Amino acid sequence: MKKSVSFLFAFCTLLMTAAQFTPNYDEHKVPDFQLPDPLTTFRGEKITSSKKWIEKRRPELLKFFGNQVYGQVPDKLDSISFALIEQHGVALNGGAIRKQVEVTLSNNKKHLRFHMLIYLPKDIPKAPLFLGYNFHGNHTITADPKVIITKAWNINNDELGITENIATESSRGKLANRWALEKIIKSGFGLATIFYGEIDPDKNDFTDGIHSLFYTNDQARPDSDQWGSIAAWAFGLSRAMDYLVEDPQIGKVLVFGHSRLGKAALWAGATDDRFAAVISNNSGCGGAALSKRKYGETIGRINDFFPHWFCDNFKAFNENEEALPVDQHELLALIAPRPLYVASAVEDKWSDPTGEFLGAYYATPVYNLFGKEGITSKNSPEINKPIQHTVSYHLREGGHDVTAYDWEQYVRWAKKFLN
Ligand code: GTR
């Protein structure tokens, strides 16, 4: 088949699949499902102490999510290095320190570079910091003219003026409304952000991005149990953490992410316990939402549309959620006993707000083993009435987004629970 014909064929198949999929938004049509118990091992042993959780149950769950859901990172890097390429002591009208750090990852004589933008409150030694990816480049989160524009492949976006898969000056500051930067700094926290496309461009192509640094022989894509893009983004957050733990001006790090980047933040929090707390903002399917509810986006649909996000093994559960021996509450439980915040938005049905809430609810017994408080009622709270414990949840009014309201809750909670 000629290349253009096969492309057309693939495109039509995608359209047909898309047309066939009708999401369920009716709570009455949620199937009766059996949720696996986080406190019973795959072989049926009951877990009754935090020690047993850490020694037996946590490792087997982590292994399952690694081999069958997100995919394993194949190896360790040969080396990592950091270069402070820009800094300013009086940024944001004098209230903050700005740093821009270039991180170089090297393996098999190949290199990948990404750039981290950091703002820290002045005069706070070892400030706690929120670390989160952005969708279109560091320069989009603030109008600050000194923030370097990424050269990496970008998803086109008319509103941002990104047309040739490359960001330009026209998108500077355009997504600042998603980052309550002034509020974060004024509250005594720092913020670090990275453009996720610098780790792995978000397209079904494994020749670019971090994956290719790890290929052995003539490998052209990850094996079926090896990392998809979400695991690659999580890996990138950990490499950012390699820098942050070495910077004497930075204290504890909370990892944050919205939507697909919330999925990545959760997996980063599960695989790397240097993250002191984890925030999932509207992370939905493959994030905080229970897959077995099949409400909104489902495993089959996410794997069809984003075949590169999870490992290939996960496709065995397309339209086959019943066969999954885990569910996403157990991903959340892997973060215990560290503070965890799951946030939903009422109009964001695609992400299944109730499924996200129940994810946090059913993760709670694991937190209880450590003497930590989580979500005690099975009924989702009212809109804009957060429940804040070590495991927290809120259902915000409005749609799929990150708003000032969300950040207000995260800051308030972090002040109380980041210990
Ligand atoms: C959607 C996808 C969701 C969510 C979202 C986002 O298209 O179906 O799982 O990740 O994108 O990242 O904005």
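Since the structure is predicted, the reported quantities are computational estimates derived from the model, not experimental observations. Heavy atoms only: backbone and side chains are in, while hydrogens, waters and symmetry mates are out. All ligand and atom numbering here is 1-based and tracks the order in the structure.
- Under 4.0 Å from ligand 1, not a single heavy atom of H258 appears.
- Of the options R260, H400, R301, the smallest heavy-atom separation from atom 10 (O) of ligand 1 is shown by R260.
- Both cation-pi conditions hold for R57 and F42: the charged atom is under 6.0 angstrom from the six-membered ring centre and inside a 45 degree cone around its axis.
- Between atom CZ of residue F114 and atom CG of residue L105 there is a gap of 5.5 Å, rounded to the nearest 0.5 Å.
- Using modelled atom types and a 3.5 Å distance limit, the side chains of N204 and H308 yield no donor-acceptor pair.
- Less than 4.0 angstrom separates some heavy atom of I302 from each of these atoms of ligand 1: 9 (O).
- The backbone N or O of D327 sits less than 3.5 Å from a side-chain atom of E330, completing a donor-acceptor pair.
- Taking only nitrogen or oxygen atoms, main chain and side chain alike, W309 does not reach within less than 3.5 Å of ligand 1.
- Between the side chains of Q68 and D225, not a single donor N or O lies within less than 3.5 Å of an accepting N or O.
- Contact annotation: for F305 versus ligand 1, there are no heavy atoms closer than 4.0 Å.
- For atom 3 (C) of ligand 1, the closest non-hydrogen atom of the protein is E297 OE1, 3.2 Å.
- At a 4.0 Å heavy-atom cut-off, ligand 1 does not touch L261 at all.
- The protein heavy-atom contact nearest to atom 13 (O) of ligand 1 is S259 OG, 2.8 Å.
- The residues D401 and R396 are annotated as not salt-bridged, no charged nitrogen and carboxylate oxygen being separated by less than 4.0 angstrom.
- Residues Q409 and Q388 are in side-chain contact: their nearest non-hydrogen atoms beyond the backbone lie under 4.5 Å apart.
- Ligand 1 places these atoms under 4.0 Å from at least one heavy atom of F306: 2 (C), 7 (O), 8 (O).
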